[in-house]
K.L.:
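Dumping the structure here so I can ask a few things about it.
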Amino acid sequence: MGLDFSIIPKYMDIILLGVGWTVGITVAAALLSFVGGIIFAVIALYAPWLVRQPFRLIEWVFMGTPLLLQLFLIYFGLVQIGIDLPAFVAGIIGLGLHFAVYNSELIQTAILAVDKGQMEAARTLGCSRAQALRKVVIPQAVRAVIPPIGNNMIALLKDSALVSVIGVSELTLSAQRVIGKTYRPFEFYILAAAFYYVINLCMEWVQRKIERRISISR
Amino acid sequence: MTEQTHFVEIRHAQKSFGTLEVLKDISLNVERGQIVGIIGSSGSGKSTLLRAINDLDPLTGGEIWLDGVQVNKTLPHRQYEKHINELRQHVGMVFQHFNLFPHMTARENVTMAPKMLKGLSQADADRLAEEQLDKVGMLERIDYYPSQLSGGQKQRVAIARALAMKPKLMLFDEATSALDPELVEEVNLVMKKLAEEHMTMIIVTHEMDFAASVCDRVLFMDKGVVVEEGPPSVLFKNPTQNRTREFLRKHIEGAS
Ligand SMILES: Nc1ncnc2c1ncn2[C@@H]1O[C@H](COP(=O)(O)OP(=O)(O)OP(=O)(O)O)[C@@H](O)[C@H]1O
Ligand SMILES: [Mg+2]
């Protein structure tokens with residue numbers, strides 16, 4: 001049995017649906033990881049001791065254990081305590097929080113690296129510390145870490161394939177299903193890889209656009 | 001507690017960083033509309049004294065009064081924060097390194113605080129930005145980012161940003177010492193203009209000529225004390241203290 005790419009069009013709709021899920025989950029989880037990363041960073045740096053502790057636990061779980069286990073825990077484990085999430089929501093939360101923890105590390109470092117004069121200038125105008133953080137310090141910190149956060153988001157895209165284990169028909173699982181029917185693993189895995197590559201390119205393009213837009217305001 | 005009668009009144013200010021005593025029992029009064037210069041060698045405590053006035057470096061002893069209100073009064077933490085934030089709205093500060101917000105245009109730098117703290121509408125904020133930036137000669141650059149401005153232009157925007165809060169006191173901490181020599185004058189001109197408008201100002205400076213030309217009084221500080229003070233005509237021409245004479249000789253020779 002040689003290679004036969006001509007059978008691809010017949011199953012393209014299934015694959016494209018998988019692409020849709022992968023893109024949707026990646027974008028949603030990326031946004032969650034970004035906002036969550038900022039919130040985690042602020043808590044880690046400024047919240048009172050008692051508030052920090054539960055977040056340290058979350059951080060430890062999401063950094064110290066496999067993502068696969070985290071997805072199982074959120075999807076299957078939470079049901080036991082009455083939280084029954086749709087698989088794709090569980091996937092978004094798992095991926096989002098996992099990468100939020102990594103983004104938080106970057107943002108924390110960047111917040112501490114913002115020139116102290118920035119906070120002082122805002123405070124001398126009469127801003128509270130929270131106002132100064134929100135308007136002055138955090139926007140600068142976030143701008144500074146756009147490139148490494150972009151790298152995390154590419155990693156997030158690749159790890160999104162893991163949500164197939166809880167039954168979300170994203171790109172990898174869609175390819176597998178088609179292969180189950182056609183016994184054409186090479187063709188469809190190559191096709192899936194090509195789509196991942198294209199999504200990857202799109203993300204890099206968006207990242208470059210953002211970087212170019214903010215370069216003047218740094 | 002005695003009645004406060006001066007616009008700015010510093011009584012027995014004392015400040016230590018750990019075991020390092022940086023301000024040793026400094027008392028100073030400034031009247032409304034007065035311009036006071038502070039000179040002195042590096043590390044003498046000039047910045048610390050200036051930064052105590054708006055509580056950036058809180059005193060460890062003594063009192064500071066501003067327009068009838070004690071700056072460093074004893075209050076529970078939350079109330080103290082509120083009190084300080086309110087008070088700082090009336091005290092503009094200009095830093096040696098400008099500290100403009102790099103992610104905001106000149107307009108946004110100027111309007112950020114008035115919008116957030118005084119609830120100005122966008123239209124009112126725009127008018128305020130135009131007015132303040134015009135005053136410092138930066139209207140044409142209103143939508144430029146700090147990275148697109150020269151040092152002198154940045155400092156003028158920083159002054160406009162402080163003025164936009166309509167402060168009743170302006171503090172300058174070596175506003176021109178990070179600038180290339182050819183850019184000093186444009187900033188000095190803005191400060192002179194403020195002087196003509198009778199803005200109350202306390203100016204820490206290394207520029208003796210400038211201090212002599214705008215200040216009503218000049219203080220010479222050394223090692224955390226005010227060694228000598230007086231009108232510039234007296235302090236620069238006929239200083240009574242040896243330390244002042246020595247500082248001036250070094251400084252004026254070094255500068256020319
Ligand atoms: N946050 C701080 N912690 C510890 N020491 C400090 C701090 N700020 C200032 N100092 C010390 O206090 C002393 C006075 O500093 P200050 O900045 O007030 O001097 P200055 O007269 O403004 O000097 P310069 O002309 O160099 O600006 C210096 O010895 C300085 O090292
Ligand atoms: Mg100083």
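Being a predicted model, the structure only gives us computed values, none of them experimental. Quick note: numbers below take in every heavy atom, side chains included, and nothing from hydrogens, waters or symmetry partners. A, B, ... follow the sequence lines: proteins, then strands. Residue 1 opens every chain.
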K.L.:
Got A:Thr124 and B:Val91 here, is their nearest side-chain heavy-atom distance under 4.5 Å?
P.N.:
no
K.L.:
To the nearest 0.5 Å, tell me how far B:Met116 CE sits from A:Gln131 CD.
P.N.:
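Spacing of CE (B:Met116) from CD (A:Gln131) equals 4.5 Å.
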K.L.:
Given the rule in the side-chain contact (heavy atoms from CB on, under 4.5 Å) test, do B:Arg88 and A:Leu125 qualify, once you have shown the distances and angles that lead to the verdict?
P.N.:
CA-CA 6 Å; B:Arg88 282 177 178 156; A:Leu125 292 165; over 6 Å; no
K.L.:
State, yes or no, whether a side-chain contact exists between B:Lys82 and A:Ser128 at a heavy-atom distance under 4.5 Å.
P.N.:
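Not in contact.
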K.L.:
Is there side-chain contact between B:Pro102 and A:Gln140, with heavy atoms separated by less than 4.5 Å?
P.N.:
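Touching, per the 4.5 Å side-chain cut-off.
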K.L.:
Quick check on B:Phe17: does its CZ atom have over 12 non-hydrogen neighbours (other residues, nucleotides or ligands) under 6.0 Å away?
P.N.:
yes
K.L.:
Is the side chain of B:Ser147 donor-acceptor paired with the backbone N or O of A:Arg218 at a distance under 3.5 Å, no angle test?
P.N.:
no
K.L.:
Let me know if B:His97 has heavy atoms under 4.5 Å from chain A in its side chain, its backbone, both or neither.
P.N.:
neither
K.L.:
May I ask you to check whether A:Arg123 and B:Asn54 show a side-chain donor-acceptor distance below 3.5 Å?
P.N.:
no
K.L.:
With a 4.0 Å cut-off on N to O distance, would you call B:Arg51 and A:Glu120 a salt bridge?
P.N.:
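A:Glu120 and B:Arg51: salt-bridged.
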K.L.:
For B:Phe101, is it the side chain, the backbone, both, or neither that has a heavy atom closer than 4.5 Å to a heavy atom of chain A?
P.N.:
both
K.L.:
What do you reckon, is CG of A:Leu50 surrounded by more than 12 foreign heavy atoms closer than 6.0 Å?
P.N.:
no
K.L.:
Working to the nearest 0.5 angstrom, can you tell me the gap between B:Leu100 CG and A:Gln118 CD?
P.N.:
8.0 Å
K.L.:
With a 4.5 angstrom heavy-atom cut-off, could you sort out which part of B:Leu171 is near chain A: side chain, backbone, both or neither?
P.N.:
neither
K.L.:
For atom CD of B:Gln122, is the number of surrounding heavy atoms from other residues, nucleotides or ligands below 6.0 Å larger than 12?
P.N.:
yes
K.L.:
Between the main-chain N or O of A:Ile214 and the side-chain N or O of B:His103, is there a donor-acceptor pair closer than 3.5 Å?
P.N.:
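No; zero donor-acceptor contacts below 3.5 Å.
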K.L.:
Is the count of non-hydrogen atoms from other residues, nucleotides or ligands lying under 6.0 Å from B:Lys15 atom NZ greater than 12?
P.N.:
yes
K.L.:
In terms of heavy-atom pairs under 4.5 Å, which option from B:Val94, B:Leu56, B:Thr105 contacts chain A the most?
P.N.:
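Highest number of heavy-atom pairs under 4.5 Å: B:Leu56.
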K.L.:
Using heavy-atom distances under 4.5 Å, tell me whether B:Gln89 contacts chain A through its side chain, its backbone, both, or neither.
P.N.:
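Contact with chain A: backbone and side chain both.
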K.L.:
Can you give me the closest heavy-atom contact between A:Ser217 and B:Tyr145, atom names plus distance?
P.N.:
CB-CE2, 3.4 Å
K.L.:
Should A:Cys127 and B:Asn85 count as side-chain neighbours, where that means a heavy-atom distance under 4.5 Å?
P.N.:
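No; the side chains remain at least 4.5 Å from each other.
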